[in-house]
Amino acid sequence: MIRVLLTIVLLAWAAPAFAHTRSQSHSTWTIDGPNVRMSFSVADTETIRITPAGLRPDNAAFLAYLTPRLGATASGVPCKLIGEPHMLAAAAGFRRAELQFLCSSGNRLRLIDIAFFDAIPTHINFAQVQRPDGDFIEQLITADDQGLDLADADGNGLATASFIRFVGMGVMHIFTGIDHISFLVGLVLISRRTKDLVFVITGFTLGHSLTLALAVTGIIRPHAEFIDALVALTIALIGAENVGLASKRPGTVALFTGLALAVMAGLRLAGIGLLPPLLLIGAAIFSVNYLLISGYLRDAGRLRLVVTLVFGLIHGFGFAADLLESRLPTEKLAEILVGFNVGVEAGQLSVVLVLIGLVAVLRRYGLALPRPLVVDFAAAALVGVGTYWFVGRSFA
């Protein structure tokens with residue numbers, strides 16, 4: 001019965017296949033009396049949200065979108081834009097713009113950021129503010145309050161975001177991440193025993209923990225433009241594994257998957273696509289071996305620990321890359337990533353526990369469908385959704 005419920009949840013979340021709702025940006029605000037200078041940074045893949053056709057805008061269009069949506073007020077009076085907004089150098093896969101404002105005074109400043117919230121309400125902006133006294137504070141700008149008040153009526157300064165806020169951000173990352181939920185549901189679908197589910201949760205936790213260590217120490221700096229495509233590939237692979245098992249032809253499924261990725265590598269060599277050829281060849285080798293081993297291995301539970309560990313690395317790197325681009329102090333980055341990681345694990349466990357509880361209730365009333373039918377249908381959905389996302393993110 002658990003597979004019936006999870007399939008329904010999967011289809012409900014996966015319906016808008018292009019809507020990868022995990023969305024972040026970063027802003028840095030420097031306050032010097034009445035002068036406010038800010039930079040806005042966002043992953044290049046996020047910019048397609050602001051164009052009707054879903055195409056990446058050029059720098060002029062990007063600045064034209066940001067300019068009316070970023071600003072400041074002093075005692076309720078809008079601050080004047082000084083000079084022309086312009087682009088700054090940014091890490092690969094990101095865009096960074098700078099704007100400067102002159103306010104009537106430095107009193108009761110409110111920093112305004114409504115960018116991307118009109119395109120995706122679950123968007124989050126991580127704001128870093130340098131106050132006149134030189135102190136840095138960090139806050140989260142969300143759709144509920146699209147700005148930051150630097151001082152209230154009593155003159156109290158803006159407090160830095162607490163550890164709990166970042167834990168909550170991690171929880172929301174799970175609840176609003178369509179592809180993450182899809183992958184998690186797929187893993188639970190193919191976990192026939194509680195032991196298999198433990199392997200799945202453990203693998204993902206280890207992956208995020210390793211990502212945390214690598215990101216904080218600066219050993220690895222992932223390319224954000226590749227992360228989302230790889231996440232989609234893992235979703236398709238989970239579905240493909242089930243297809244191979246159900247058809248008893250894992251070799252054929254593995255061969256087809258490997259050839260498809262090899263063709264994409266060839267297209268990239270011809271100048272078509274975004275993912276590097278070596279990355280696609282590596283993905284092909286990994287995918288073929290995974291599908292062959294899982295298809296012929298009697299107990300694939302332990303193998304899924306490795307797969308979910310890889311997924312944890314990939315998905316965690318996407319968030320880490322965004323934070324690293326904001327150039328936060330290392331000591332603060334560690335706190336943020338730890339809090340976010342704790343929230344991710346809490347959100348993941350809560351989803352699984354709620355689903356298991358609901359299944360227990362449904363079982364009591366005898367609401368069940370044959371397992372082969374449910375699993376085959378879910379596997380087809382995973383392959384379809386994962387492939388759609390992967391191709392779309394590889395050629396966008």
### Pairs touching residues 39-130 that satisfy disulfide bond (SG atoms under 2.5 Å apart), sequence neighbours left out
C79-C103
### Message
Hydrophobic clustering (ILVMFWY, side-chain heavy atoms < 4.5 Å, transitive) - are L233 and F286 grouped together?
### Response
yes
### Query
Going hydrophobic residue to hydrophobic residue with side-chain gaps under 4.5 angstrom, can you get from V129 over to L102?
no
### Task
Check L70 against A115 and note the closest heavy-atom contact, atom names and distance.
CD2-CB, 4.3 Å
### Query
Rounded to the nearest 0.5 Å, what separation is found between the CE atom of M264 and the CG atom of L279?
9.5 Å
### Task
Without swapping roles, check the side chain of H26 against the backbone of Q24 for a donor-acceptor pair under 3.5 Å.
no
### Summary
Closest non-hydrogen contact found for L88 with S39 is CD1-CB, 4.2 Å
### Task
Rounded to the nearest 0.5 Å, what's the gap from CD on E84 to CG on L99? Could you check?
10.0 Å
### Task
Drop me the distance from R268's CZ to L278's CG, to the nearest 0.5 angstrom.
11.0 Å
### Message
In this structure, would V310 and I281 fall into the same cluster of hydrophobic residues linked by side-chain contacts under 4.5 Å?
### Response
no
### Task
To the nearest 0.5 Å, tell me how far S25 OG sits from I141 CD1.
8.0 Å
### Message
When you compare the side chain of D44 with that of F94, does any pair of heavy atoms fall below 4.5 Å?
### Response
no
#### Entry: Joint hydrophobic cluster, L81 plus L109, side-chain heavy atoms closer than 4.5 Å
yes
### Query
How far apart are the closest heavy atoms of L66 and A97, and which atoms are they?
CD1-CB, 3.8 Å
### Query
Can you list the steps and then say if S27 with Q128 is a side chain to side chain contact (heavy atoms under 4.5 Å, CB included)?
CA-CA 6 Å; S27 57; Q128 181 183 23; over 6 Å; no
### Message
What I'd like to find out is whether the side chain of T30 reaches to under 4.5 Å of the side chain of V36, using heavy atoms alone.
### Response
no
### Message
Is there a side-chain contact between M38 and T28 in this structure, where contact means two heavy atoms from C-beta onward sitting under 4.5 Å apart?
### Response
no
### Message
Rounded to the nearest 0.5 Å, what separates atom OG1 in T252 from atom CG in L255?
### Response
7.0 Å
### Query
With a 4.5 Å limit on heavy-atom distance, are the side chains of I112 and I114 in contact?
yes
#### Entry: Student check: side-chain heavy atoms of K80 and F101 closer than 4.5 Å
no
### Task
Identify the two heavy atoms, one from S104 and one from A74, that lie closest to each other, and give their separation to 0.1 Å.
OG-CB, 4.0 Å
### Task
May I ask you to decide if L291's main-chain N or O and S294's side chain share a donor-acceptor pair within less than 3.5 Å?
yes
### Query
Charged N to carboxylate O under 4.0 angstrom, R95 versus D58?
no
### Query
With distance as the sole test, does T73 use its side chain to make a donor-acceptor pair with the main-chain N or O of V77 at under 3.5 Å?
no
### Query
Any side-chain heavy atom of F116 sitting closer than 4.5 Å to one from Y65?
yes
### Query
With a 4.5 Å heavy-atom cut-off, do L63 and M87 have their side chains touching?
yes
### Task
State which residue, out of I235, L275, L237, fulfils the side-chain contact (heavy atoms from CB on, under 4.5 Å) condition with F390.
L275
### Query
Quick one: are F395 and L267 in side-chain contact, heavy atoms under 4.5 Å?
yes
### Task
Look at D113 together with R69 and state whether they make a salt bridge at an N to O cut-off of under 4.0 Å.
no
#### Entry: Short side-chain to backbone donor-acceptor contact, S287 and A284, under 3.5 Å
no
### Task
Give, for atom CD of Q146 and atom NE2 of H123, the distance between the pair rounded to the nearest 0.5 Å.
10.0 Å
### Message
Do V288 and F256 sit in one hydrophobic cluster, given that two such residues count as connected whenever their side-chain heavy atoms are within less than 4.5 Å of each other, even indirectly?
### Response
no
### Message
For Y290 versus I238, what's the shortest heavy-atom pair and its separation?
### Response
OH-CD1, 3.6 Å
### Query
If you measure only the distance, is there a donor-acceptor pair under 3.5 Å linking the side chains of N107 and S75?
no
#### Entry: Over all atoms of both residues, closest heavy-atom pair of A232 and R393
CB-NH1, 4.0 Å
